[in-house]
There are 2 protein chains.
Amino acid sequence: MSDQRLYHSVAARIEKLIEDGSYPPGSRLPAERELAAQFGVSRVAIREAEIALQTLGRIRIKTGSGAYVLDGANGKDEQLPDVSAFELTEARALFESEAAALAAAQIDDETLAELDRYVEIMANTDGHDAAGEKADHDFHRTIAGASGNAAITYVIETLWKLRDELEPVKAVYESVCSEDVGARATEHSEILEALRARNPSAARTAMRNHFTRLLKAMLDETEQRELEELRRKTSQSRERYLKSVAI
Amino acid sequence: MSDQRLYHSVAARIEKLIEDGSYPPGSRLPAERELAAQFGVSRVAIREAEIALQTLGRIRIKTGSGAYVLDGANGKDEQLPDVSAFELTEARALFESEAAALAAAQIDDETLAELDRYVEIMANTDGHDAAGEKADHDFHRTIAGASGNAAITYVIETLWKLRDELEPVKAVYESVCSEDVGARATEHSEILEALRARNPSAARTAMRNHFTRLLKAMLDETEQRELEELRRKTSQSRERYLKSVAI
DNA sequence: CTGAACAATTGGTCGGACCATCTGGGCCCG
DNA sequence: CGGGCCCAGATGGTCCGACCAATTGTTCAG
């Protein structure tokens, strides 16, 4: 349990005290000397632990006054929200299609060539390939970047991160992406052509179509899965029923 | 420049050495005793700085071996992007208007009443008031939430955070928001009425107008500021010129 | 009752000391 | 000559005691 570093375990103990409510946000922690005595460690260890906690934004140390517990919300590094794959896709449909429209208005030939390469890669890989996955990401990222708006790029990148880091969402995406590779290629080509034509409206539509298809595929997939789940449960209960009547 | 805490400035100096390329990722930092002598501080200060850097994920300390620079990518986890106030506002205009459109389609009376309260608060406070500021945030947050899509809510909240945490952006927003409080109130009312009418298209337009006005105000404000800056520089150079000819 | 000076508390920094661990190189054995 | 073992030096880990500086609560003079 001890993380080798003494200050680590001390920090953990202090954090626990905070979590327990012994020291609610805004309250003052005991003095360093006091904590040192209480924990049976040196003042240096306490100090190091408090520096780590301060760096993490859990407490605030005021010279000559004491260490104060900050509002927990600041501390815990922005937990990811509870977002379903459908919500994510809907959001992406909305935002990325707008980004595509903006991009169409000002994209340059070099960027178009880059997108060509990504489409090429995706055409030559199948669903589960990591390279294809990366090309997909790059394709969307590049279009977002071509919007010329860093905030939009940031948002789209943030959503992509959600997709990768939320396990349930990731699972849905993977199962959906692995099939219908052909559709993906076609749609990406259509988006690319709309961009090449510098047609914002067409780009928006093409991007929206892409996500709409994805959303539908997800719904189908989910429905399918739920059906199987239902069948499985049914057969289970049937077995149990048969067993019970057999007794 | 010194952040009061010695270990802070020491950490900054070490970080600078890393940034400068003196210690590329994977390389070992000088020994604590050595750095202490080099910086003219005690070993404790070095140690505290390294603990802070380790907590931030910039370095890895290995007992009996040394402190190693980690790959920068891991360390700076999601640093805020370099976004201008204009970009942010453009992005918000796009995203929040879509959120408003979605919200209009399914908002309930209770939420409308909540929005009423926020508008009321904003009407009774002036630009610099914290309560008005909060009501503004709550107003937008609530509409985002009414979209029924957690991903969209998350994105809008993320953008709001950018607004609050990027100093230059914050400055622009504050200077713009403090004036034209009347316009803000009017626009928010219009948004609210469109929502109350359950008219997605009107809600989208109203929200977009709100941000368009904001964007214009920002442009004006910035232009104004740049004019002043120019005037200041001009008068400076004029002084210098006059001085030089006086010699 | 008010305000200024004081004293206790508390964090900030230092130097030195000792221990545990790791690393590299030399030594011994095969 | 080569490989594995072992030890000494280097390095981080922890502690102690001391002193400084900022803060804060108290006390006392006006």
Side-chain angles (χ1 to χ4, degrees), chain A residues 1-18 22-71 74-75, chain B residues 1-18 22-71 74-75:
Chain A
M1 59 193 77
S2 56
D3 300 75
Q4 289 303 71
R5 305 287 151 275
L6 182 57
Y7 82 83
H8 249 327
S9 62
V10 171
R13 290 173 72 177
I14 294 178
E15 219 169 355
K16 196 169 183 179
L17 287 179
I18 295 176
S22 308
Y23 301 101
S27 66
R28 217 205 69 188
L29 255 47
E32 293 182 355
R33 293 167 173 85
E34 199 174 325
L35 279 176
Q38 183 179 327
F39 287 172
V41 299
S42 81
R43 211 183 128 203
V44 179
I46 300 292
R47 157 158 292 276
E48 292 178 346
E50 288 193 345
I51 283 177
L53 289 176
Q54 186 180 41
T55 304
L56 289 173
R58 309 274 301 175
I59 66 175
R60 165 81 197 284
I61 304 178
K62 288 175 71 176
T63 301
S65 176
Y68 298 83
V69 180
L70 291 179
D71 198 337
N74 298 331
Chain B
M1 61 189 75
S2 57
D3 302 73
Q4 288 302 70
R5 300 293 145 272
L6 182 58
Y7 82 84
H8 249 325
S9 62
V10 171
R13 291 174 71 177
I14 294 178
E15 220 169 353
K16 194 170 183 182
L17 287 179
I18 295 176
S22 308
Y23 301 101
S27 67
R28 216 205 71 188
L29 255 46
E32 292 183 355
R33 292 165 173 86
E34 199 174 326
L35 279 176
Q38 183 179 326
F39 287 171
V41 299
S42 80
R43 210 182 130 205
V44 178
I46 299 293
R47 158 158 292 277
E48 292 178 344
E50 289 193 344
I51 284 177
L53 289 176
Q54 187 180 41
T55 305
L56 290 174
R58 308 274 303 175
I59 65 176
R60 165 81 196 284
I61 303 178
K62 290 175 71 175
T63 302
S65 174
Y68 298 84
V69 179
L70 291 179
D71 196 336
N74 296 333

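Only this structure's heavy atoms are used, side chains among them; waters, hydrogens and symmetry mates stay out. Just so we're on the same page: letters track the sequence lines, and every chain starts at 1.
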| request: For each nucleotide in nucleotides 5-16 of chain D, reading 5' to 3', give B when a protein heavy atom comes within less than 4.0 Å of its base, S when such contact involves only the sugar-phosphate, and - otherwise. | output: ------BBBBBB

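Legend: residues meeting side chain to side chain contact (heavy atoms under 4.5 Å, CB included) with Phe39(B), ordered by chain and number and at least two apart, are Val10(B), Arg13(B), Ile14(B), Leu17(B), Leu35(B), Val41(B), Ile46(B). Qualifying salt bridge (charged side-chain N to carboxylate O under 4.0 Å, His left out) partners for Glu32(B), counting only residues two or more places apart in sequence or in other chains: Arg43(B), Arg47(B). By the side chain to side chain donor-acceptor pair (under 3.5 Å) test, Ser22(B) pairs with no residue at all, sequence neighbours left out. For Ala37(A), the side chain to side chain contact (heavy atoms under 4.5 Å, CB included) test picks out no residue, with sequence neighbours left out. Thr63(A) is linked by a side chain to side chain donor-acceptor pair (under 3.5 Å) to Arg5(B), counting only residues two or more places apart in sequence or in another chain. With sequence neighbours left out, Ala52(A) forms a side chain to side chain contact (heavy atoms under 4.5 Å, CB included) with Tyr7(A), Ile51(B), Thr55(B). A search for side chain to side chain contact (heavy atoms under 4.5 Å, CB included) contacts involving Ser27(B) returns Tyr23(B), Pro24(B), Val69(B), not counting sequence neighbours.
Contact footprint of chain A on DNA chain C: nucleotides with an atom under 4.0 Å from a non-hydrogen protein atom, first to last in 5' to 3' order, dT10(C) to dT13(C).
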